[in-house]
Amino acid sequence: MERSTIVRVHEGLHARPATRFVKLAKGFESDVELVKDGKAVSAKSSVKLMLLAVKENQEVTVRANGADAIEALEALIGYLENPRAGLDDEAEAQSAANDAGQEAAPASGSVPTAPDGANRLRGVAASEGFAIGPAFAHFPPDIAGRGRVLRAEEIEGEIDRFRTAVGAVQARMDLALAQDSLSAGDRGIVAALRDIAADDSLTGEAEGLIKGGNDAVSAVITAASTIAAEFSAVDDHYLNARADDVHAVGRQICLVLLGQDDISLENIPEGAILIADDIGAWDLARAPLKRIGGVVCGHGGATSHIAIIARSHGIPAVLGLGGQVNALRTAREVALDGNAGHVIIDPDAATRADFAGRVEAAAKERAGLTIFKTVTPTLADGRIIEVAANIGSLEEIEAAQEAGAMGIGLFRTELLFMRHMHLPSEDMQAETYAALAKAFAPYPVIVRTLDIGGDKPIAGIEFPDEENPFLGWRGIRMCLDRPDIFKRQLRALLRAAVHGNIKVMLPMVSDISEVRQTLVLVDECTAELKAEGVPYASFDLGVMIETPAAVLIAPALAKEVAFFSIGTNDLTQYIMAADRLNPTVAKLNDVTNPAVMSAIEITAKAGVAAGIMVGMCGEAAGRPDLIATFVKMGLTELSMSPASIQRAKKAIMAMAAEG
Ligand code: PEP
Ligand code: MG
């Protein structure tokens with residue numbers, strides 16, 4: 001018995017929806033298959049379903065055979081056509097939270113790999129600060145199977161041993177999931193691994209090999225490689241990343257079979273630099289973070305989970321070193337510069353002294369600055385300068401509060417989209433923005449709408465190949481062309497505004513029509529929410545000033561928006577026509593160039609004349625040497641990475657004291 005339908009599951013049968021579909025299918029006695037393009041797989045295996053790579057709006061057939069085939073078809077077709085029906089809110093919220101934890105695959109190919117010297121490496125500057133300390137190389141050895149052919153009478157016992165090991169791994173993951181200390185993000189990662197461990201694709205494949213006479217460890221390694229290769233072969237970036245998950249689960253099963261434990265980070269010495277090719281966020285989150293002096297990794301980028309954990313714990317990190325990280329396997333000591341992305345292996349005496357000096361100076365400065373945490377920087381004329389934080393995830397809230405942030409001046413929503421295997425739902429976004437608003441109320445939280453382009457592709461948005469992605473279809477341009485995505489974000493923001501002081505700003509604005517079109521969409525969203533009876537509140541809409549065009553039309557823009565926030569990172573690259581990522585033109589990429597400073601001044605004047613708030617959220621906002629100039633221009637809000645907040649407050653107070 002079979003029925004065909006068009007899949008209405010948003011973004012297709014990726015991780016969570018696949019798990020839900022399987023859960024439904026397993027509730028029926030009948031054999032159930034899902035068929036796409038003539039290929040049929042068991043609907044009771046989430047791994048097989050994911051590998052079928054079913055996308056939204058594709059036609060599939062559900063085939064059921066058994067006593068309850070009619071009921072099974074009805075339920076499964078019902079899910080594919082209307083996936084939200086029958087989901088209670090709590091389950092949905094839980095799965096959304098789980099989805100939030102999917103780690104973005106490391107950005108490959110974007111890392112400068114040329115070493116600066118024999119013992120110097122360059123990677124991605126992922127968490128600022130300097131560190132020098134003993135190297136703690138964390139390269140868990142590869143597990144090799146014994147390659148032994150089992151005698152017929154040994155097979156049953158080996159299968160039992162294998163099943164017990166799988167059970168132990170599942171139990172360990174369930175235990176980890178039950179811990180309150182696990183963050184929502186890390187929970188998602190563990191949940192994804194548990195799904196694979198519980199799926200009979202991997203275990204079935206391995207059992208087949210054991211029955212054929214392979215020892216259990218060899219069988220698991222081969223089975224994991226086979227399934228991982230299938231994930232790697234799918235033409236989908238996010239499914240490719242599942243290959244690593246399969247290997248990780250296979251490794252855990254093998255370790256139990258061998259009676260071994262993975263090398264623990266428990267024994268990392270005080271102040272050591274953790275070096276790894278890749279380290280699971282789960283492992284890092286459980287490590288004694290207070291003892292870790294720095295992190296160096298082959299994988300990962302500035303927005304990876306490891307980077308976020310490192311930043312929120314103030315641990316300097318250089319990631320994305322690729323194969324270069326192998327040069328660190330035998331290092332005794334490592335110095336790292338998390339601001340520039342440099343790693344120095346076994347530094348000489350002069351470098352050692354230089355780094356030791358920087359680390360000490362930084363620690364001394366940090367200690368001296370803590371008194372500014374609770375200071376409200378006030379000028380002689382009584383004007384308050386808001387010193388806010390730039391963050392990109394809920395995990396960073398604590399660091400911002402610890403630093404004394406007076407709200408959030410830039411919440412980069414990209415990570416929310418990049419971490420997911422599909423576009424984040426409206427509910428999930430609303431929850432995230434509401435959590436932010438609540439955490440900082442009554443201070444404002446400025447959420448920037450999605451600022452993404454073809455240089456950072458995300459699942460669910462097809463970007464065209466572009467010669468110049470930085471001048472292409474990105475930020476507000478892309479959002480206005482995809483109202484389905486943009487409206488979901490605007491609706492979520494309207495809903496979250498009920499819970500605190502949410503403001504919204506648009507990135508990459510270069511034409512006034514972009515603001516007007518957005519306002520129309522905001523009105524549409526408001527009307528929809530009202531009609532649906534969903535609680536919402538209005539928000540102030542502002543723009544980032546980060547294109548030369550926005551500077552030149554600032555007086556006109558100021559009449560239509562509630563505030564400006566100057567994005568000096570992009571503004572500098574566009575004013576100077578110097579790529580912000582290209583080290584060869586780094587000299588030109590200088591915010592203090594008179595051309596850029598003049599653009600900032602023009603913007604400030606236009607904002608002040610119109611009586612709207614002018615702030616800054618580019619990196620320059622945290623520079624103590626420039627803060628007085630910006631404040632004199634009329635800026636009243638400066639937003640920066642949490643680590644710069646107390647230094648900035650000190651600079652403003654010093655300026656106020658001078659009068
Ligand atoms: C900027 O361009 O200054 C800015 C804050 O945005 P981003 O660095 O995210 O492009
Ligand atoms: Mg920008």
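As the structure is a computational prediction, the values presented were derived from the model and not from experiment. Computation of the quantities below employed the complete heavy-atom set of this structure, encompassing side-chain atoms and omitting hydrogens, waters and symmetry-equivalent molecules. Atoms within each ligand, like the ligands themselves, are counted from 1 in listed order.
For the residue pair Ser393 / Glu396, a side-chain donor-acceptor distance below 3.5 Å is found, with atom types taken as modelled.
Here the protein heavy atom with the shortest distance to atom 5 (C) of ligand 1 is Cys617 O, 3.4 Å. Regarding atom 6 (O) of ligand 1, its nearest protein heavy-atom neighbour is Arg448 NH1, 2.9 Å.
Within the 3.5 Å criterion, the main-chain N or O of Glu637 finds no donor-acceptor partner in the side chain of Ser639. No donor-acceptor pair under 3.5 Å is formed between the side chain of Glu386 and the backbone N or O of Thr636. One N or O on the side chain of Ser127 and one on the backbone of Ile315 form a donor-acceptor pair closer than 3.5 Å. Side chain of Thr572 to backbone of Asp590: no donor-acceptor contact under 3.5 angstrom is found. Counting only distance, with no hydrogens or angles, the side chain of Lys649 and the backbone of Gly404 share a donor-acceptor pair below 3.5 Å.
The ligand atoms of ligand 1 that sit less than 4.0 angstrom from a heavy atom of Arg580 are 2 (O), 7 (P), 8 (O), 10 (O). Within ligand 1, counting atoms from 1 as listed, the ones closer than 4.0 Å to a heavy atom of Asp570 are 1 (C), 2 (O), 3 (O), 10 (O). Listed by atom number, the atoms of ligand 1 under 4.0 Å from Met544 heavy atoms are 4 (C), 5 (C), 6 (O). For ligand 1 and Arg412, the ligand atoms under 4.0 Å from any heavy atom of the residue are 5 (C), 6 (O), 7 (P), 8 (O), 9 (O).
Looking only at N/O/S atoms, Asp570 comes nearest to the Mg ion (ligand 2) through OD2. In terms of distance to the Mg ion (ligand 2), the nearest N, O or S atom of Glu546 is named OE1.
Looking at Leu410 against ligand 1, only its side chain comes within 4.0 Å, counting heavy atoms. With a 4.0 Å heavy-atom cut-off, ligand 1 is reached by no atom of Glu619. Neither the backbone nor the side chain of Gln573 has a heavy atom within less than 4.0 Å of ligand 1.
Under the 4.0 angstrom criterion for non-hydrogen atoms, Arg474 is not in contact with ligand 1.
In Glu524, the CD atom is crowded: over 12 heavy atoms of neighbouring residues, nucleotides or ligands sit closer than 6.0 Å. Shown here is Asp465, whose CG atom has no more than 12 heavy atoms of other residues, nucleotides or ligands within 6.0 Å.
Of the polar atoms of Glu414, none of the N or O atoms is found under 3.5 Å from an N or O of ligand 1, judged by distance alone. The shortest N or O to N or O distance between Gly567 and ligand 1 is under 3.5 Å.
Residue contacts to the Mg ion (ligand 2): Asp451 brings no N, O or S atom closer than 2.8 Å.
The only option from Arg488, Gln489, Lys487, Arg495 that meets the side chain to side chain donor-acceptor pair (under 3.5 Å) definition with Glu426 turns out to be Arg495.
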Arg580 vs Asp570, test: salt bridge (charged side-chain N to carboxylate O under 4.0 Å, His left out). Steps then yes/no. CA-CA 7 Å; Arg580 68 194 254 191; Asp570 276 320; 2.7 Å; yes
